[in-house]
Number of protein chains: 2
Amino acid sequence: MAQQTEAVHRTPLTRDRVLRAAVALADDIGIEALSMRKLAKELGVVPMALYKHVSNKEQLLDGMVDVVVGEIDPPAPGSNWKSAVRHRILSARRALLGHPWAAQVIQSRSSPTPVVLAYMDSVIGMFRTGGFSVDLTHHVMHALGSRMMGITQELFDASPAPDPRAQRAAPQEDAGEYPYVMELAAAAAHDEGSVVGQGCDDQFEFEFALDLLLDGFERLRQQGWSSVGHLRGKTL
Amino acid sequence: MAQQTEAVHRTPLTRDRVLRAAVALADDIGIEALSMRKLAKELGVVPMALYKHVSNKEQLLDGMVDVVVGEIDPPAPGSNWKSAVRHRILSARRALLGHPWAAQVIQSRSSPTPVVLAYMDSVIGMFRTGGFSVDLTHHVMHALGSRMMGITQELFDASPAPDPRAQRAAPQEDAGEYPYVMELAAAAAHDEGSVVGQGCDDQFEFEFALDLLLDGFERLRQQGWSSVGHLRGKTL
DNA sequence: ACCTGAACACCGTTCAAGT
DNA sequence: ACCTGAACACCGTTCAAGT
C-alpha cells in the first residue's frame, strides 16, 4: 500500500496522466460515479493536487472528450465527399462506443475545445472541397448536429422498458395501451430472431439515418440549393 | 414570512404541486442549481416531505418532463402524415423552448414515462396511418431520434465561443487556424445583418433538418422501401 | 514558492426519535 | 401511523497553515 503510493509518486503527475486516468476510471465505474476525490485516490495523490493540472471538473471533462476525439481516425485522402464524411463519422462513432460515458459528456460541453474544433473543421472542409457552398455547408452541419461526432440520440428504444415503476404507475394500461409502440416492439423483437426486448441493431439505425441525411445533402448540392428565398425567422 | 409559510401549508402538498413548483424553480434558477432541499424550501416544507410524493430525484425529473410533454398540442386531425408529424414535432419544440432545462433532462432519462410513451405512440400512429409499413416506421422513428421531441443537438455553433480559456490554451492559432470554421462563422454573421456572433436562426436550422428527413421518409415510403435485403449487423 | 490538511458550503437519502 | 430533525456519506472547491 505504502509501496504502491511510493511507486505512483515516482512518475510525476501531468495533465495527460490525469486525463488518461480519468478516462479509464470513467470507463470502469461510470461517469456519474467519477469524482475528483476518487480520481485523486486512483492516482495516489491528494484531491487538491489535481487542480494543478485542470482548473476544475468542467475542464477535466473537456480534456476527457479530447482524449476520445483523439481516437478518431484521420481522414482517408482521395475519395469523394460522401464516403469521406461517412467514414470519418463512423470512425467517430467507433471511438465513442469504446467509452459509454462519452456521448453524454460531449453533449454537456458548453463550448468546443481546440481539439473538437479541429475535428469539426476537417469535416466542414470535406463538404467545402466536395463542392458545397458556404451557405449549404452551414445548414448541413446543423442538420448533422451531434451525429457528426458519431452520437445518435435514441430516446425511442422499441422495447418499452420492463421498468417496475411503469407497471406500478399505470396498472390499468398494461395490455392494450400504446398499440403502435407495441406493434413496433413486437416486430423488432421478431425479425431479429433474438431474445425479446433486445431487438434493435444500433449500427444499422445509425447508418440508416446518416445515409438518409447524406443522400439529402447530395440532392440539395446537385440542385444548387440556397437559403436565399427561403423563409427565415428574421427577415432581412 | 411566517405568514407565507402558514398560507403555503394550508394547501396540502400533492405530487402535482411538487412537480409544478420544480418546473418553475428550474425555469428560474437553472436545472443544475435545482436541489431537493431548495425545492422543499420553496414549498415551505422540510426536505423529507417531498419523498412522500416522489420517491427520489430521478422520479422528480421524470415528472418534470411529463409536465413539459403535457404542454404539447394535441394532434390536429385530418391532414396528411407529413404535415401532421411536422406540426406535432414543431409543437413539441415550442413547449421545450419554454423550459431551457427540458432538452437536457429529457435526454438524461433512462426509460420513458407513460406520458412520454403516449406521445411517442401518437407519432408512430401518424406514420402507420399515413401508409408506412411497420418496418419503415421503426427505422424512421430511430432516424428522428430526439428530434421527435423537438430537440436538436447542436454542438456546432458557427460562432467559435469567445471563451477566454480557448485563447489561453491555443495562443499561436488565433488567426489562421480552423479556416473552414472561420469561413462559416463569418458568412453566418454577415448574412443575418445582425451582431457578430449571434448569427444562426435556430428555428430555420431545425426545420431545415426536419424537412430533409421527412422528405427522405416520403421518398422511401413511395419506393416501398424495406430493410429486408439490406446488410444488417446481425445476419439472419 | 510550493503543497496539503482541514474546512466550507453544499448534496441526496436514511433512520431513529419524537408526536 | 405519521412526520421530521439530525445524521450519514458523500460532493467540488477554498484557504490558511505548514514545509
Side-chain angles (χ1 to χ4, degrees), chain A residues 1-2 4-15 17-19 21-23 25-26 28-65 101 104-105 108-111 164-165 168, chain B residues 1-2 4-15 17-19 21-23 25-26 28-65 101 104-105 108-111 164-165 168:
Chain A
M1 182 68 179
Q4 195 198 359
T5 304
E6 207 81 40
V8 168
H9 269 176
R10 191 166 310 231
T11 40
L13 209 56
T14 61
R15 184 179 153 87
R17 274 194 65 221
V18 169
L19 297 182
V23 166
L25 189 55
D28 203 31
I29 66 175
I31 193 68
E32 71 292 329
L34 177 74
S35 71
M36 299 296 275
R37 290 165 124 106
K38 282 183 194 164
L39 177 57
K41 183 171 279 182
E42 192 75 14
L43 285 161
V45 299
V46 81
M48 271 310 294
L50 299 176
Y51 287 81
K52 274 275 119 70
H53 302 98
V54 289
S55 60
N56 52 39
K57 195 179 181 181
E58 291 299 294
Q59 236 196 52
L60 176 77
L61 295 172
D62 278 344
M64 292 170 68
V65 170
W101 46 270
Q104 176 184 335
V105 172
S108 74
R109 303 300 80 208
S110 53
S111 68
R165 284 179 304 167
R168 186 175 57 64
Chain B
M1 183 63 183
Q4 193 199 1
T5 305
E6 206 81 36
V8 167
H9 268 175
R10 192 165 308 230
T11 41
L13 209 58
T14 62
R15 185 179 153 88
R17 275 194 66 221
V18 169
L19 298 182
V23 166
L25 189 56
D28 202 31
I29 66 174
I31 193 70
E32 71 291 331
L34 178 73
S35 71
M36 298 297 274
R37 290 165 121 107
K38 284 183 194 164
L39 177 57
K41 183 171 281 183
E42 193 74 13
L43 285 162
V45 299
V46 83
M48 270 310 295
L50 299 176
Y51 288 81
K52 274 275 120 72
H53 302 98
V54 289
S55 62
N56 53 37
K57 194 180 182 181
E58 291 300 293
Q59 235 197 50
L60 176 76
L61 294 172
D62 277 345
M64 291 170 68
V65 170
W101 47 269
Q104 176 184 336
V105 172
S108 74
R109 301 300 78 209
S110 55
S111 67
R165 284 179 305 169
R168 185 175 57 63

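Below, chains carry the letters A, B, ... as their sequence lines are ordered, and counting in each starts from 1.
- Residues A:Met48 and A:Lys38 each lie close to DNA chain D; by heavy-atom proximity, the contact nearer the 5' end of the strand is made by A:Lys38.
- Applying the 4.0 Å criterion to OP1 and OP2 of D:dC11, one finds that A:Lys57 has every side-chain N and O outside that range.
- The line from NZ of B:Lys52 to CZ of B:Arg15 is 15.0 Å long, rounded to the nearest 0.5 Å.
- Atom-to-atom, CG of B:Leu34 to C1' of C:dC10 comes out at 14 Å; the value is rounded to the nearest Å.
- Remark: the separation of the C1' atoms in C:dT14 and D:dG12 is 23 Å, to the nearest Å.
- To the nearest 0.5 angstrom, B:Leu61 atom CG is 10.0 Å from B:Leu19 atom CG.
- Partners of A:Ser108 according to the side-chain contact (heavy atoms from CB on, under 4.5 Å) rule, which considers only residues two or more places apart in sequence or in another chain, are A:Val105.
- Atoms CG and CD1, from A:Leu34 and A:Ile31 in turn, are 5.0 Å apart once rounded to the nearest 0.5 Å.
- At whole-Å resolution of the value, CG in B:Leu43 and C1' in D:dC3 are 17 Å apart.
- In this entry the distance linking CG of A:Leu13 with P of C:dT4 reads 10 Å, nearest Å.
- In this structure, B:Met36 reaches the sugar-phosphate backbone alone: every heavy-atom distance under 4.0 Å involves primed, P, OP1 or OP2 atoms, never a base.
- If you take CG of A:Leu61 and C1' of D:dT13, they are 15 Å apart, rounded to a whole angstrom.
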Applying the Watson-Crick and G-U criteria (both distances under 3.5 angstrom) with [ ] for crossing and | for other-strand pairs, one obtains for DNA chain C ||.|||||...|||||.||

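- When the options A:Ile29, A:Asp28, A:Leu25 are evaluated for a side chain to side chain contact (heavy atoms under 4.5 Å, CB included) with A:Glu42, the one that passes is A:Leu25.
- Atom pair B:Tyr51:OH and D:dG5:C1' shows a separation of 15 Å (rounding to whole Å applied).
- Note: CG (B:Leu50) to P (C:dT14) measures 14 Å, nearest angstrom.
- Which of C:dT13, D:dC11, C:dT4 sits closest to the side chain of B:Arg37 comes down to C:dT13.
- In this structure, the NE2 atom of A:His53 is 12 Å from the C1' atom of C:dC3, given to the nearest Å.
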Take A:Leu60 and A:Met64, measure what side-chain contact (heavy atoms from CB on, under 4.5 Å) needs, and give me the verdict at the end.
CA-CA 6 Å; A:Leu60 176 77; A:Met64 292 170 68; 4.2 Å; yes

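- Comparing C:dT4, D:dG5, C:dT13 by their nearest atom to the side chain of B:Asn56 picks out C:dT13.
- Taking atom CD on A:Glu32 and atom C1' on C:dC11, their separation rounds to 16 Å, with Å as the unit.
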Does B:Trp101 form a side-chain contact (heavy atoms from CB on, under 4.5 Å) with B:Gln104? I'd like the steps, not just the answer.
CA-CA 6 Å; B:Trp101 47 269; B:Gln104 176 184 336; 5.8 Å; no

